Amino acid sequence: MLDESVGLAAVTVLGVLEQAYFSLQVIYARRKYSVSPPATTGPPEFERVFRAQANCSEYFPIFITILWTSGVFFSPGLSSLCGLMYLYGRFRYFRGYSASALERLDPLYFSAQVLWVLIGFSAVGVFLSFCRFYLQTDLMQQLATAVDP
């Protein structure tokens, strides 16, 4: 199990580093635009950086939870790949939002689609595992048998 989880763990560490980078960008923006804590308002340039970081932080627990659920119950490899795609989308979202509110939209939609794919993988994986464990029915084996008699 540990060998199979290394990709998920690597994506998790990259995600944490990405969150740290976003937080540092807020600190730099505070200094650049003279916005002292605890203020969260200031010039639009600061507010975009602040909101981009806050939005990414709000979704991070959902992402990590669904990444690991998908990886454990569906496929660690596919889940890790989707996780990398999600992090890339969030990075583009952060950079786009920091530049202009409109530039956040395409990366936002991309990362949301990847998140929905991970949610779908998780739901399928948990359902199949539930059937195997509680109903003693391996639906994938039954499907394989039905397709290739």
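Quick caveat, the model's predicted, so the values are computed rather than measured.
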Kindly compute the distance separating [atom1] ([X]) from [atom2] ([Y]), expressed to the nearest 0.5 Å.
X	Y	atom1	atom2	result
Tyr93	Asp106	OH	CG	13.0 Å
Phe60	Thr65	CZ	OG1	9.5 Å
Ile66	Tyr59	CD1	OH	13.0 Å
Arg51	Glu58	CZ	CD	5.0 Å

Distance-minimising heavy-atom pair for [X] and [Y]:
X	Y	value
Val114	Met85	CG2-CE, 4.0 Å
Thr40	Glu47	O-CG, 4.1 Å
Cys82	Leu118	CB-CD2, 3.7 Å
Ser57	Gln19	OG-OE1, 3.1 Å

Angle between ring planes, Phe22 versus Phe94, binned at 30° and 60°: parallel, tilted or perpendicular?
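It falls in the parallel class, under 30°.
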Hydrogens and angles aside, do Ser79 and Ser70 bring a side-chain donor and acceptor to less than 3.5 Å of each other?
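The answer is yes; a qualifying pair exists.
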Looking just at side-chain N and O atoms, do Arg95 and Ser98 make a donor-acceptor pair shorter than 3.5 Å?
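Their side chains do not contain a donor-acceptor pair, so the 3.5 Å distance test is not met.
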Can you confirm whether or not the ring centre of Phe121 sits under 6.0 Å from the ring centre of Phe74?
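Here the rings of Phe74 and Phe121 have centres that are less than 6.0 Å from each other.
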May I ask you to check whether over 12 heavy atoms, not counting those of [X], lie within 6.0 Å of atom [atom1]?
X	atom1	result
Gln136	CD	yes
Phe110	CZ	yes
Tyr21	OH	yes

For the backbone of [Y] and the side chain of [X], can you confirm whether one donor and one acceptor N or O come within less than 3.5 Å of each other?
X	Y	answer
Ser111	Tyr86	no
Arg104	Ala101	yes
Arg30	Val35	yes

If you define the side chain from C-beta out and look only at heavy atoms, does anything of Val11 sit under 4.5 Å from Phe63?
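Side chain of Val11 against side chain of Phe63, heavy atoms only: contact under 4.5 Å found.
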